[in-house]
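Quick notes on the structure that follows.
Sequence lines set the chain letters: A, B, ... in the order given, protein chains first and strands last, and positions in each chain run from 1.
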Number of protein chains: 2
Amino acid sequence: MSQLKHVTIKTISEVTKLSLTTVSRVLNGSAKKYRISDDTQKVVLEAAKKLNYTPNQAAVSLRLSRSFSIGLVVPTLSNPFFADIASIVSHSLRTKGYSVVLMDCDENEATEVEAVKLLAAQNVEGVIVIPSGIDSSHINILIKRNIPVVCIDRYYEDIPVSYVATNHYTGAFSMTEYLIRAGHTKIVCIQGSHSVVANNLRVKGYKDAMAANKKAWVKVVGNSFTQDNGYIETRLLIQKKERPTAIFTLSDTIMLGALKALAEEKLAIPYDISLVTFDNSSYLDFLACPITSIAQPVNDIANISIKLLLDTIKANANGVKLDQMKLLISPSTVYRQSVRILK
Amino acid sequence: MSQLKHVTIKTISEVTKLSLTTVSRVLNGSAKKYRISDDTQKVVLEAAKKLNYTPNQAAVSLRLSRSFSIGLVVPTLSNPFFADIASIVSHSLRTKGYSVVLMDCDENEATEVEAVKLLAAQNVEGVIVIPSGIDSSHINILIKRNIPVVCIDRYYEDIPVSYVATNHYTGAFSMTEYLIRAGHTKIVCIQGSHSVVANNLRVKGYKDAMAANKKAWVKVVGNSFTQDNGYIETRLLIQKKERPTAIFTLSDTIMLGALKALAEEKLAIPYDISLVTFDNSSYLDFLACPITSIAQPVNDIANISIKLLLDTIKANANGVKLDQMKLLISPSTVYRQSVRILK
DNA sequence: TATTTTTGCACAAACGATGTCGCAATTGAA
DNA sequence: TTCAATTGCGACATCGTTTGTGCAAAAATA
């Protein structure tokens with residue numbers, strides 16, 4: 001069971017009869033700075049290749065006190081929105097020389113606290129977090145250790161971290177206005193969870209748009225981002241005498257439930273009732289009636305977060321403290337055929 | 001700009017007037033082994049707490065030559081199947097003391113090779129990889145470095161790594177038999193990419209089931225796991241004189257395309273045509289007609305992979321080489337209302 | 001030829017934590 | 001009182017890198 005010994009610069013040094021120093025300098029690219037001759041460089045490089053050398057990152061990290069890694073904290077990757085962000089973050093950061101330590105928190109706040117502590121102990125150089133909950137105290141662990149943080153989709157009043165999010169408010173506002181311009185007056189909003197800031201902003205956008213257009217028929221129902229919620233609320237809505245002319249579901253999950261309820265009652269979209277939603281899942285195009293939806297700017301959010309984090313890290317390294325940034329990215333609306341034009 | 005100095009065991013040693021050795025022993029739990037008195041322990045622990053000490057992982061790694069981290073290589077998290085696996089892997093491994101380094105390869109083989117190299121350099125203790133491509137040479141980098149590997153969903157003939165996958169063959173076979181038992185004879189299979197092993201196994205399952213039941217009308221069309229592919233092939237199929245009675249799409253993406261084509265031609269499921277698929281996305285329940293589907297055993301696959309990897313790591317540490325395992329997990333079928341019973 | 005300058009490389013000290021040895025002081029036995 | 005055993009802790013080397021400093025030999029200048 002020949003335990004194959006690790007190849008280190010020492011190995012190479014012995015093989016090439018050159019000092020550790022020289023080998024190190026060639027291998028980490030500072031050869032010209034220290035005037036290592038081309039011949040010597042060639043010798044080292046060849047030996048390294050032949051021995052299949054890779055530097056020991058732990059040693060490098062220790063010496064340089066840099067980890068070359070960044071933490072990514074997400075509520076759960078089962079949510080496509082978070083998964084898409086994770087996807088972009090992961091391979092974008094890799095091209096910039098960082099590896100990504102993933103922490104899936106299973107939508108559990110306590111788990112998130114643990115995750116953050118672990119990341120702090122690992123000396124990650126920065127953290128992108130999509131918070132699962134309300135509390136912010138764990139983020140302070142990172143702040144105290146001077147680790148740059150960028151939040152996605154949730155804003156903390158009390159701590160100075162940058163954040164970037166969809167502009168839920170304007171998204172919902174403009175979608176509601178679109179319905180109003182199409183002649184709808186009885187527009188119902190089926191919301192998700194009250195404890196989610198994004199939800200409340202969307203609701204506010206809807207309400208403000210209704211108010212701005214002097215619509216009296218303002219109605220918000222529901223309480224969770226689930227298909228069941230959408231199904232139940234829709235069933236209740238359509239069996240009333242005064243049926244809404246349009247339903248605005250605040251997520252695609254809710255929308256699916258609504259769809260099922262409508263199908264059961266043989267109500268056709270958009271003839272019998274109009275339906276719009278938030279999220280723009282890829283399957284919307286392929287439903288019996290393609291559904292008009294607000295699309296979260298996933299790419300922008302991910303890329304801006306990365307840039308923000310990297311800038312903060314760089315500034316930090318130079319002793320500069322960057323101002324907190326609060327970025328709201330406007331979502332786009334994807335118009336399909338689920339809204340009936342009433343006027 | 002008071003650069004707050006890192007708190008190390010040295011700091012604690014100075015504060016407590018105890019030696020580095022003693023502090024270290026208390027802090028890493030080997031106090032009783034070295035007979036450190038309770039008083040001393042208390043002193044150290046309190047100092048550590050007050051100073052908010054966390055061990056430097058790089059130093060620990062270097063010293064112990066362990067990284068406490070495991071690599072996870074996925075084609076892309078935009079695919080919910082991979083995202084779900086990543087989700088489970090991430091928080092399950094965390095509870096076992098490992099952190100997960102995520103490598104999203106954007107479905108690009110070259111990127112995957114780079115990702116694997118990076119993981120090797122980081123001395124991860126093991127790697128779970130869902131390969132993007134056919135080639136296996138990069139996996140050898142890990143093998144050579146004695147890093148345990150478990151593959152998901154793809155089997156390499158030429159290298160001794162364990163793998164676990166859905167039993168695509170039996171899944172497709174039994175679904176096809178179900179259609180046959182329901183009286184269907186003209187069953188078309190719309191496949192995904194030929195270069196994906198999973199696809200070919202599913203196709204084989206379909207063909208074998210048809211052959212086993214002496215059905216002459218065997219027909220496989222299509223060439224990619226996309227909605228467009230499903231749409232185009234379905235349009236072609238339904239305008240022929242001899243229209244199939246059932247369509248078996250090999251992924252939900254393909255299914256969505258088929259659905260669109262059927263809706264455009266006002267063909268109702270299951271009255272005019274039956275439709276079954278592979279993947280079981282959560283929205284299948286909420287389509288106009290809920291679609292019968294094969295569900296990949298995501299949880300089992302993820303958990304078994306983890307167990308396999310951890311076992312291999314443990315065995316490796318003891319100098320034992322575990323046998324390669326090849327596990328095929330049978331998928332389940334979720335029966336909904338998209339199949340018409342013809343007899 | 002003598003002196004300065006440049007070229008090419010090596011020594012040694014870190015980074016933070018762990019583990020092997022060893023030594024003093026305390027306790028117990030004789 | 002004496003010697004052995006036990007208790008409680010510290011000095012030091014080490015893991016694999018990087019880097020400031022130093023010092024020969026070669027080249028350039030005088």
For A/Thr21, answer base if it contacts any base atom (sugar-phosphate contacts may also be present), sugar-phosphate if it contacts only those atoms, and nothing otherwise; contact means non-hydrogen atoms under 4.0 Å. base
C/dC9 P sits how many Å from A/Ile12 CD1, rounded? 16 Å
Nearest to the side chain of A/Arg25, heavy atoms from C-beta on, is which of D/dG16, D/dG10, D/dT19? D/dT19
Rounding to a whole Å, what distance do you find between B/Asp39:CG and C/dA25:P? 19 Å
Check the phosphate of D/dG22 against A/Tyr34, side-chain N and O only, distance under 4.0 Å to OP1 or OP2. Yes or no? no
Describe the nucleic acid contact of B/Leu27 in one word from base, sugar-phosphate, nothing, applying a heavy-atom distance below 4.0 Å. nothing
Starting at CD1 of A/Ile36 and ending at P of C/dA10, how long is that distance when rounded to a whole Å? 8 Å
Choosing from D/dT17, D/dT19, C/dA17, which nucleotide comes nearest the side chain of A/Val60? D/dT17
Please determine, by modelled atom types, if B/Ser37 and B/Asp39 share a side-chain donor-acceptor pair under 3.5 angstrom. no
Just by distance, with hydrogens left out, do B/Glu112 and B/Ser132 show a side-chain donor and acceptor under 3.5 Å apart? yes
Roughly how many Å is it from NZ in A/Lys32 to P in D/dT19, rounded to a whole number? 13 Å
Students often mix this up, so state it plainly: with edges at 30° and 60°, are the rings of B/His138 and B/Tyr156 parallel, tilted or perpendicular? perpendicular
Closest approach to the side chain of B/Ala59, judged atom by atom: which nucleotide of C/dG19, D/dG16, C/dA17 is it? C/dA17
May I ask you to check whether A/Ser137 and A/Asp135 show a side-chain donor-acceptor distance below 3.5 Å? yes
Would you say A/Ser19 reaches C/dA10's phosphate, i.e. side-chain N/O to OP1/OP2 under 4.0 Å? yes
So, does B/Ser24 get its side chain near the phosphate of C/dA17, meaning an N or O under 4.0 Å from OP1 or OP2? no
Round to a whole Å and report the spacing from CZ of B/Arg35 to P of C/dG19. 16 Å
Does A/Asp158, at its CG atom, have more than 12 non-hydrogen atoms belonging to other residues, nucleotides or ligands within less than 6.0 Å? yes
Nearest whole angstrom, please: distance from the C1' of D/dT17 to the CG of A/Leu20. 9 Å
Closest to the A/Ile9 side chain: D/dT19, D/dT17, D/dG10? D/dT17
When we call it a touch if two heavy atoms are under 4.0 Å apart, what does B/Lys17 touch: a base, just sugar-phosphate, or nothing? sugar-phosphate
Starting at CZ of A/Phe68 and ending at P of D/dT17, how long is that distance when rounded to a whole Å? 13 Å
If you find the nucleotide of DNA chain D closest to B/Val23 and the one closest to A/Tyr53, which residue's nucleotide is nearer the 5' end? B/Val23
Starting at atom CG of A/Leu62, determine the distance to atom P of C/dA14, rounded to an integer number of angstrom. 14 Å
D/dG8 OP1/OP2 closer than 4.0 Å to side-chain N/O of B/Ser37: no
Less than 6.0 Å separating the ring centroids of A/Tyr98 and A/Phe68? no
Does OP1 or OP2 of D/dT17 have a side-chain N or O of A/Ser61 closer than 4.0 Å? no
